[in-house]
Student: 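Please read through the structure below; I'll follow up with questions.
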Amino acid sequence: MNRTESIKLIKEVFEAPFNEDTFRRFTRELFNHYEEDESDFGKKGYYGAYIKAPYDHSIKSYKRVGKYFDPDKKEIDILIVEMKSGHSIERARSTQRNFIRNYLNFGRGNILRDAALVAFYSKDSPDWRFSYVKLEYTLKTKKIEFTSAKRSSYLVGLNEKSHTAQKQIFPLLENEEEIYLSNLEEAFSVEKVTKEFFEDYRSIYLKLKKLIDKKTKENEIIQDEFIKKNIDSSNFSKKLLGQMIFLYFLQKKGWLGVGRDEKGRFKKWGEGPKNFLERLWKKEYRTYNNFYNEVLEPLFYNTLAVENDDDYCGYFDCKIPFLNGGLFEPLNNFNWKEVKIPIDNDFFGELFKKFNIFNFTIKEDEPLDKDVAVDPEMLGIIFESLIEENERKSKGAFYTPRQIVHYMAQESIINFLDNKINYKVEYLTAGPHGQKDLLGKYVDPQKELFSEIHREIIPIKEIEDFVRNSENIFEMEYAAKDGLVKKYADEFKISEKIRTNAKLMDEALEGIKICDPAVGSAAFPVAILQIIVRLRRLLSIYTEEFDKTNYYELKKHTIQNSIYGVDIDPGAIEIAKLRLWLSLVVDEEVREKITPLPNLEFNIMQGNSLINKFLEIDFSSDRSDSLIASNTEKKAIKEFEKIRDELFNEAHIKSKKTLKNKIDEILIKLFKEEISEKKIEYKRRLKDIEY
């Protein structure tokens with residue numbers, strides 16, 4: 001096909017609700033030729049009893065359009081899968097992937113297939129998912145082991161753009177030669193999207209920074225405010241673009257600009273326009289002279305950061321949620337009402353033009369399931385890439401690929417659970433003829449000595465299998481209710497000892513503390529967060545707590561009590577908090593009122609972790625607390641923790657400011673320089689405890 005015909009076909013297929021006829025035409029053009037399935041399976045599809053548990057909760061039917069063999073004799077089946085609801089297209093992702101895994105892995109006709117191209121659609125949804133699924137398998141003594149499948153997808157349809165699909169699939173339509181499996185993998189490459197989006201983002205960032213520099217130089221009022229509030233053009237630009245990116249993700253959930261129905265009643269959350277920002281720009285909600293001063297600043301600081309009755313915003317005459325969290329508060333208390341930065345309207349026109357061609361997904365991708373779209377993980381790449389080359393080494397800012405981060409997070413959790421469950425601390429006894437007497441003069445009789453005793457409750461291999469295979473388990477909302485997770489426990493590598501000790505494991509994960517001393521864009525904390533929440537949700541099946549927990553509440557609890565990070569770069573702190581907020585938003589269900597985002601000021605903090613005074617006191621260790629901290633300091637620490645927990649959920653700006661001031665007073669008192677002699681003693685005793 002020529003270029004014009006190819007692009008027309010891609011738009012016809014990917015910018016409209018699913019249509020089987022156009023999909024068949026598209027796949028015929030894609031492969032040039034393939035063996036069409038003329039059987040009932042290819043024409044009518046399989047329903048009912050052919051859809052086995054646990055997939056039958058989400059999947060209504062499936063059929064095979066045909067099969068294609070590449071020049072290396074790799075079989076690629078072309079499938080159409082109808083989901084029972086549009087909700088399942090987005091939420092039941094692991095069900096979709098595992099259903100195709102089962103199909104490829106001797107699932108039909110006892111044949112091992114290599115890959116599949118699949119259209120997942122629902123009749124009640126204008127959007128659908130076009131996926132490439134490849135089986136990852138190993139052969140041992142002619143026996144297929146439990147395997148996983150990797151999937152890459154385009155979310156397409158009426159609300160989506162086909163720009164990326166045009167760029168990456170067009171070469172295959174234009175090519176008259178036979179397609180290899182590797183060609184399909186290239187067409188579903190996430191890395192290409194990342195590179196293109198970053199190049200556009202960087203050009204926008206540099207243009208905005210230049211504009212801010214120009215306005216600051218021309219206007220002494222802006223210049224004085226920047227100096228007074230310790231603001232520079234770089235961090236101001238990053239903050240503004242971070243706010244815009246967050247809203248691009250948020251409008252995907254239909255949470256912005258929720259209007260009225262034909263009867264004048266407000267629609268439900270989730271029914272807002274998926275292009276709200278573009279409609280603001282086109283003056284559909286109100287007119288303006290300067291888009292930034294008259295639209296964006298009131299949207300950020302008077303709407304998203306301020307609680308309105310029933311979330312109704314009269315300024316824009318629509319519903320917009322109160323989000324809190326600090327993201328939509330002015331940088332360093334910048335006086336936006338009196339100090340105006342008139343950013344040119346044309347700049348935002350260019351921003352929308354560039355951003356609107358991309359597909360955005362709020363879902364944090366995992367190694368087994370990726371969307372060919374802009375996702376939150378890309379924020380880390382952007383953060384690292386915007387740092388000047390000569391600053392990267394001094395700041396230690398280096399991007400780590402998600403596969404490595406995911407592996408590191410798994411290893412950390414596996415070793416934590418092994419140490420927490422399989423090792424017990426036993427203190428040495430004192431007194432006449434006690435264990436300490438054996439050490440004689442080599443030990444201070446006032447010190448508490450202890451040793452770690454190994455007691456294997458759950459073999460580390462079983463813990464490792466459980467952690468690594470947890471992401472392969474079907475959607476637990478469906479599987480748990482029918483007892484399917486329990487039924488297939490052995491296949492899922494959930495050993496009997498894990499089932500028996502589920503409460504012990506859950507308590508260990510509930511009490512875990514992780515601190516990333518160079519948090520960067522929060523890649524490691526987010527990966528840890530995902531694993532903890534997934535494991536605790538799975539363990540709740542065996543602790544009989546499944547119906548009392550959900551992903552959102554587990555994530556919020558874990559972020560509040562377990563996730564901490566420090567970074568010397570203030571830009572990194574903003575990105576890290578943004579990643580954690582997005583991880584919460586993705587699991588927030590549509591309800592009468594959207595839950596405000598938590599405040600993360602004392603979970604993710606700016607500072608130099610190599611010299612930070614917080615490290616001189618171990619806040620989490622009972623031993624150091626009892627040996628080192630004075631009664632006054634113990635009281636201050638408890639007060640700090642109490643106020644910090646209040647601040648985490650505080651929604652009102654004035655109350656937040658009051659709580660922050662209280663915390664500042666405690667920290668100043670706790671770490672004032674006058675206790676320098678005592679700090680030397682702290683360090684000495686901490687060093688003794690290490691030995």
Side-chain angles (χ1 to χ4, degrees), residues 205 208-209 211-213 215-247 290-308 313 315 320-343 383 565-578 580-581 596-608 640 643-644 646-668:
Y205 162 75
L208 177 58
K209 184 179 181 302
L211 275 171
I212 301 298
D213 284 333
K215 301 296 181 184
T216 306
K217 189 175 181 179
E218 293 172 348
N219 190 315
E220 289 186 5
I221 296 176
I222 299 173
Q223 192 176 114
D224 290 344
E225 181 70 6
F226 270 33
I227 294 171
K228 181 181 177 182
K229 300 294 174 63
N230 193 27
I231 298 171
D232 60 42
S233 60
S234 176
N235 284 327
F236 188 92
S237 301
K238 289 176 183 177
K239 173 88 171 181
L240 174 54
L241 291 181
Q243 291 167 326
M244 296 298 291
I245 285 289
F246 188 89
L247 292 183
N290 184 274
F291 183 70
Y292 178 66
N293 297 144
E294 299 170 49
V295 177
L296 289 184
E297 285 189 313
L299 173 65
F300 295 163
Y301 310 129
N302 263 353
T303 308
L304 292 161
V306 177
E307 190 169 16
N308 296 305
C313 176
Y315 192 77
I320 296 172
F322 165 55
L323 290 182
N324 185 32
L327 175 63
F328 292 104
E329 292 177 7
L331 180 64
N332 295 359
N333 295 314
F334 177 75
N335 187 2
W336 66 276
K337 289 184 178 180
E338 296 181 14
V339 181
K340 293 298 182 183
I341 304 178
I343 301 172
F383 158 71
V566 181
D567 203 283
I568 197 170
D569 189 325
I573 298 304
E574 292 298 321
I575 294 293
K577 290 193 288 188
L578 184 57
L580 290 170
W581 282 322
L597 297 171
N599 302 299
L600 301 176
E601 282 90 340
F602 290 94
N603 288 75
I604 308 296
M605 300 180 67
Q606 183 186 358
N608 187 337
F640 163 77
I643 298 174
R644 181 197 63 191
E646 289 179 25
L647 177 62
F648 186 84
N649 292 300
E650 180 56 58
H652 300 287
I653 293 176
K654 288 185 178 179
S655 299
K656 284 165 63 175
K657 187 175 181 179
T658 301
L659 291 172
K660 286 179 183 178
N661 289 338
K662 286 182 179 179
I663 288 176
D664 287 343
E665 290 174 7
I666 292 171
L667 295 180
I668 290 170

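Treat the numbers as computed from the prediction; the structure is a model and nothing was measured. Atoms considered below: every heavy atom in the structure, side chains included; atoms not considered: hydrogens, waters and symmetry mates.
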Student: Would you compute the distance between atom CG of Leu578 and atom CG of Leu597 and round it to the nearest 0.5 angstrom?
Tutor: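 Answer rounded to 0.5 Å: 10.0 Å.
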Student: Kindly write out the residues that satisfy side-chain contact (heavy atoms from CB on, under 4.5 Å) with Lys209, not counting sequence neighbours, or none if the list is empty.
Tutor: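 Result, side-chain contact (heavy atoms from CB on, under 4.5 Å) vs Lys209: Tyr205, Asp213, Ser233, Ser234, Ser237.
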Student: In terms of heavy-atom contacts, does CD of Glu220 have more than 12 from other residues, nucleotides or ligands at under 6.0 Å?
Tutor: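 No.
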Student: Could you report the tightest heavy-atom contact between Phe322 and Ala305, atom names first, then the distance?
Tutor: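 For Phe322 versus Ala305, the nearest heavy atoms are CE1-O, 3.3 Å.
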Student: Working note: Tyr301 + Glu329, criterion side chain to side chain contact (heavy atoms under 4.5 Å, CB included); need CA distance, chi angles, decisive distance, verdict.
Tutor: CA-CA 6 Å; Tyr301 310 129; Glu329 292 177 7; 5.6 Å; no
Student: Report the distance from atom CD1 of Ile212 to atom CD1 of Ile341, rounding to the nearest 0.5 Å.
Tutor: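 One finds 5.0 Å between CD1 of Ile212 and CD1 of Ile341.
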Student: Show your working on side chain to side chain contact (heavy atoms under 4.5 Å, CB included) between Leu299 and Ile320 and close with a plain yes or no.
Tutor: CA-CA 9 Å; Leu299 173 65; Ile320 296 172; 3.7 Å; yes
Student: Between Asn219 (side chain only) and Lys215 (backbone N and O only), is there a donor and an acceptor less than 3.5 Å apart?
Tutor: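 Checked: no pair found.
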Student: Out of curiosity, Leu647 CG to Lys660 NZ, how far, rounded to the nearest 0.5 Å?
Tutor: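 Reported to 0.5 Å precision, the distance equals 6.5 Å.
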Student: Determine whether Met244 and Phe300 make a side-chain contact, defined as any pair of heavy atoms from C-beta on separated by less than 4.5 Å.
Tutor: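 They are in side-chain contact.
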Student: Please indicate whether Lys340 has more than 12 foreign heavy atoms, meaning atoms of other residues, nucleotides or ligands, lying under 6.0 Å from its NZ.
Tutor: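 Result for NZ/Lys340: enclosed.
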Student: With side-chain hydrogen bond (donor to acceptor under 3.5 Å, both in side chains) as the test, would you mind laying out the steps for Glu297 and Asn293 before giving the verdict?
Tutor: CA-CA 5 Å; Glu297 285 189 313; Asn293 297 144; 3.2 Å; yes
Student: Decide side chain to side chain contact (heavy atoms under 4.5 Å, CB included) for Leu659 and Phe648; before the verdict, give the C-alpha distance in whole Å, the side-chain angles of both, and the deciding distance to 0.1 Å.
Tutor: CA-CA 10 Å; Leu659 291 172; Phe648 186 84; over 6 Å; no
Student: On a heavy-atom basis, which atom in Thr216 and which in Ile222 lie closest, and how many Å separate them?
Tutor: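 Looking at all heavy atoms of both residues, the shortest contact is OG1-CG2, 3.9 Å.
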Student: Hey, is CG on Asn333 packed in by over 12 heavy atoms from elsewhere, all under 6.0 Å?
Tutor: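 Counting neighbours around CG of Asn333, 12 or fewer heavy atoms of other residues, nucleotides or ligands fall under 6.0 Å, so no.
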Student: Can you name the closest pair of heavy atoms from Trp336 and Pro330 and give their distance?
Tutor: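 That would be CD1-CG, 3.6 Å.
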Student: Using distance alone, with no hydrogens and no angle criterion, decide if Asn599 and Lys656 have a side-chain donor and acceptor under 3.5 Å apart.
Tutor: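 The answer is yes; a qualifying pair exists.
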Student: Describe, in one word, how the ring planes of Phe334 and Phe226 are oriented to each other, choosing from parallel (under 30°), tilted (30 to 60°) and perpendicular (over 60°).
Tutor: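 Answer is perpendicular, since the angle exceeds 60°.
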Student: If you count the non-hydrogen atoms of other residues, nucleotides and ligands that lie under 6.0 Å from CG in Asp664, is the total more than 12?
Tutor: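 Atom CG in Asp664 is crowded, with more than 12 foreign heavy atoms closer than 6.0 Å.
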Student: Which pair of heavy atoms, one from Phe602 and one from Ile663, lies closest together, and at what distance?
Tutor: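 Closest approach of Phe602 to Ile663: CZ-CG2, 3.3 Å.
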Student: Hey, could you give me the NZ/CG distance between Lys577 and Leu327, rounded to the nearest 0.5 Å?
Tutor: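 The NZ atom of Lys577 sits 8.5 Å away from the CG atom of Leu327.
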Student: Tell me whether Glu601 is salt-bridged to Arg644, with the criterion being a basic N under 4.0 Å from an acidic carboxylate O.
Tutor: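 Salt bridge flag = no for Arg644 with Glu601.
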Student: Which pair of non-hydrogen atoms, one from Ile231 and one from Leu331, has the smallest distance, and what is that distance?
Tutor: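 Looks like CD1-O, 3.4 Å.
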Student: side-chain contact (heavy atoms from CB on, under 4.5 Å) with Lys337: which residues, sequence neighbours excluded?
Tutor: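 Lys337 satisfies side-chain contact (heavy atoms from CB on, under 4.5 Å) with Asn302, Asn335 once adjacent residues are dropped.
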Student: Are Leu240 and Leu208 side-chain neighbours, meaning at least one heavy-atom pair lies under 4.5 Å?
Tutor: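 Touching, per the 4.5 Å side-chain cut-off.
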Student: side-chain contact (heavy atoms from CB on, under 4.5 Å) with Ile227: which residues, sequence neighbours excluded?
Tutor: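 Ile227 satisfies side-chain contact (heavy atoms from CB on, under 4.5 Å) with Gln223 only.
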Student: Does any non-hydrogen side-chain atom of Ile343 lie less than 4.5 Å from one of Asn290?
Tutor: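 The answer is no; the side chains never approach within 4.5 Å.
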Student: Using every non-hydrogen atom in the two residues, find where Lys229 and Asn332 come nearest and quote the distance to one decimal.
Tutor: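 Looking at all heavy atoms of both residues, the shortest contact is O-ND2, 3.0 Å.
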Student: Flag the pair Lys239 and Glu574 as a salt bridge only when some basic side-chain nitrogen lies within less than 4.0 angstrom of an acidic carboxylate oxygen.
Tutor: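 Result for this pair is yes, salt bridge flagged.
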Student: Main chain of Leu600, side chain of Trp581: is a donor-acceptor contact present, judged purely on distance under 3.5 Å?
Tutor: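 Between the backbone of Leu600 and the side chain of Trp581 there is no qualifying donor-acceptor contact (under 3.5 Å).
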